[in-house]
Trainee: 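To start, I am sharing the structure in question, which I have written as structure tokens.
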Amino acid sequence: MTHLRTRRRLLLGASSLWLAAMPALAQPSAWPERPIKLVVPFPPGGGTDIVARGMGQALAERLGQPVVIDNRPGASTIIGTDAVAKAAPDGYTLLLSGSTSYSVNPALRARLPYDPVRDLAPIAIVARTPLVLVVGQGTPYRSLNELIAAAKAKPKGLRYATFGAGSGPHLAGELLALAAGIQLQDIPYKGSAQGAMAVIGGEIEIGIDTVASVAPHVRSGKLRALGIVGATRASLLPEVRTLAEQGLPEATFDAWYGFAAPARTPVPVIDRLAQAVGATMASPALQAQLRAQGMEPVFIGAAAFRQQMEGEIARYRALAHRAGIAAE
């Protein structure tokens, strides 16, 4: 009997030690222990790549491991985004992409190989890129109200440049039309330079593009800025009011950049990443670097990031249905 009691005590003691060890075993190891890959689903040199390279070195210093930029462009960011969504959830493969990956593609494409809400773990939104509504100096429009009045008088008579169906300028133009009760005609161009030249040359009346692309033309007098499409004013054109300030809050369209990891990445790793990203974004030098490129530095945490992503998916899906927009 004594022998049985002794054996029971030994077993209970061993079980207690095993249970006590479980939380430690469940925690990730001393992450990071090797280089971190930051996937950018755009070619080198673009806005997303600029953000990634600006932050990569600072993050490496804070985390004690190299941050390697892996550019994987193609299929409107789908190739790179899907690679992260399907990567091991260990904190060593991360995504830095624009809102195209997180909200635009899911809203406009019937089939995607990933679901950002299910397959990605948001970390933080780190920058916004304001879009600007501009007209050529040869047009008579000197205010947003004058433009709207002309569009109401001639439905689909005013044309604006896009980068194709479902692009940021296309969505922004449709949101403006819906908010103002007007009809505009979208005209696709191959990129910012071609679209800007079309507006400057009088081929079309309206452009909607990033502040970095149009600010030089506004300052030179070739284009006239009528409003910032984003939620806040732009550092490069601080005198230009937002559409919301001019009475059209429903026309707001934000292009932004966010960090994410594969879903099921351990919470302690996500928390450490969020802390490192937040500390990096507090750097005045990095903020100045981003503003010089036409971006507005921000830090929006994981919960608000997810809320914004889900809200935009619903909003753009409804817009696409109304305007007949489909990206394939």
Side-chain angles (χ1 to χ4, degrees), residues 28 31-32 36-42 47-52 54-56 58-59 62-63 67 69-70 72 76-109 112-129 168 171 230-232 252-282 286 290 295-317:
W31 181 92
I36 297 166
K37 180 168 62 179
L38 182 57
V39 175
V40 177
F42 292 92
T48 313
D49 189 65
I50 289 170
V51 176
M55 296 193 66
L59 282 174
R62 292 185 181 279
L63 295 173
V67 175
I69 308 301
D70 182 8
R72 295 200 190 185
S76 188
T77 79
I78 293 172
I79 292 173
T81 304
D82 187 49
V84 176
K86 290 179 170 56
D90 53 14
Y92 291 102
T93 303
L94 306 176
L95 175 70
L96 177 60
S97 188
S99 46
T100 297
S101 292
Y102 299 111
S103 58
V104 175
N105 279 340
L108 303 188
R109 295 177 182 270
L112 272 183
Y114 71 93
D115 178 342
V117 177
R118 180 194 65 210
D119 299 329
L120 295 174
I123 297 169
I125 294 174
V126 296
R128 292 191 178 104
T129 300
L171 294 178
T232 59
T252 299
F253 176 87
D254 256 331
W256 45 269
Y257 304 99
F259 274 91
R264 298 175 298 283
T265 298
V267 172
V269 173
I270 296 292
D271 290 344
R272 177 112 188 258
L273 279 165
Q275 291 168 4
V277 170
T280 299
M281 291 308 301
L286 179 59
L290 292 176
M295 303 173 198
E296 302 300 323
V298 298
F299 181 79
I300 298 173
F305 181 167
R306 181 175 292 279
Q307 184 177 15
Q308 179 162 336
M309 177 171 63
E310 292 176 350
E312 287 187 359
I313 290 172
R315 184 186 185 210
Y316 299 156
R317 189 168 286 157

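Predicted model, so just to flag it, every value in this text is computed and none were measured. One is the number of the first residue; the rest follow in order along the sequence.
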Trainee: Out of curiosity, Ile123 CD1 to Ile300 CD1, how far, rounded to the nearest 0.5 Å?
Mentor: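 Reported to 0.5 Å precision, the distance equals 14.5 Å.
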Trainee: Can you tell if the side chain of Leu59 reaches within under 4.5 Å of the side chain of Leu273, non-hydrogen atoms only?
Mentor: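 No, side chains not in contact.
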Trainee: Do Met309 and Pro106 have side chains that approach each other closer than 4.5 Å (heavy atoms only, starting at C-beta)?
Mentor: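 Side-chain contact under 4.5 Å: no.
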Trainee: Give me the atom names and distance for the closest heavy-atom approach of Gly258 to Tyr102.
Mentor: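 Heavy atoms of Gly258 and Tyr102 come nearest at O-OH, 2.7 Å.
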Trainee: Please report the interatomic distance CD(Gln275) to CZ(Arg272), rounded to the nearest 0.5 Å.
Mentor: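 It is 8.0 Å, given to the nearest 0.5 Å.
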Trainee: Ignoring hydrogens, what is the shortest heavy-atom contact between Ala52 and Leu38? Give both atom names and the distance.
Mentor: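 Closest approach of Ala52 to Leu38: CB-CD2, 4.1 Å.
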Trainee: How about Asp254 and Ser99: do any of their side-chain heavy atoms sit closer than 4.5 Å?
Mentor: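 Result no, sub-4.5 Å side-chain heavy-atom pair not found.
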Trainee: Taking side-chain hydrogen bond (donor to acceptor under 3.5 Å, both in side chains) as the cut-off, I'd like each qualifying pair that reaches into residues 79-89, sequence neighbours left out, listed once.
Mentor: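 For residues 79-89, and leaving out neighbouring residues, the side-chain hydrogen bond (donor to acceptor under 3.5 Å, both in side chains) pairs sorted by first residue read Thr81-Ser101, Asp82-Lys86.
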Trainee: Say you draw a straight line from CD of Glu296 to OG1 of Thr232; how long is it, rounded to the nearest 0.5 Å?
Mentor: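 With rounding to 0.5 Å, CD (Glu296) is 5.5 Å from OG1 (Thr232).
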Trainee: Quick one: CD1 on Ile270 to CZ on Phe259, what's the gap to the nearest 0.5 Å?
Mentor: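 Between atom CD1 of Ile270 and atom CZ of Phe259 there are 12.0 Å.
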Trainee: Would you please classify the geometry between the Phe253 ring and the Tyr316 ring as parallel, tilted or perpendicular, with 30° and 60° separating the classes?
Mentor: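 Tyr316 vs Phe253 ring planes: tilted.
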Trainee: For Pro89 versus Ala263, what's the shortest heavy-atom pair and its separation?
Mentor: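 So the minimum-distance heavy-atom pair works out to CB-O, 3.3 Å.
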Trainee: Taking the side chain as C-beta and beyond, is there a heavy-atom pair between Trp31 and Thr265 under 4.5 Å?
Mentor: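 Side-chain contact under 4.5 Å: no.
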Trainee: Are a donor atom and an acceptor atom from the side chains of Tyr257 and Thr129 found within less than 3.5 Å of each other?
Mentor: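 Per modelled atom types, Tyr257 and Thr129 side chains form a pair under 3.5 Å.
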Trainee: If you round to the nearest 0.5 Å, how far is CG of Leu95 from OG1 of Thr77?
Mentor: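 Here the rounded value is 8.0 Å.
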Trainee: Taking all heavy atoms of Thr252 and all of Ala231, pick out the closest pair and write down the distance.
Mentor: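 That would be CG2-N, 3.7 Å.
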Trainee: Identify the heavy atoms of Ile36 and Gly91 that sit nearest to each other, and give their distance.
Mentor: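 Result for this residue pair: CG2-O, 4.0 Å.
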Trainee: Do Leu290 and Met281 have side chains that get closer than 4.5 Å, going by heavy atoms?
Mentor: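 Leu290 reaches Met281 side chain to side chain.
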Trainee: Nearest 0.5 Å, please: how far is OH in Tyr114 from CG in Asp119?
Mentor: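 Output value for this atom pair is 9.5 Å.
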Trainee: Mind checking whether Phe305 and Leu120 have side chains closer than 4.5 Å, heavy atoms only?
Mentor: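 A side-chain contact is absent here, since even the closest heavy-atom pair is not under 4.5 Å.
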Trainee: Would you say that Arg109 contacts Ile78 through its side chain, given a criterion of any heavy-atom pair below 4.5 Å between the two side chains?
Mentor: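 With C-beta onward as the side chain, the pair touches.
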Trainee: Using a 3.5 Å distance criterion without hydrogens, assess whether the side chain of Asn105 forms a donor-acceptor pair with backbone atoms of Ser76.
Mentor: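 Yes.
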Trainee: Please give me the minimum heavy-atom distance between Leu94 and Val84, naming the atom from each residue.
Mentor: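 So the minimum-distance heavy-atom pair works out to O-CG2, 3.7 Å.
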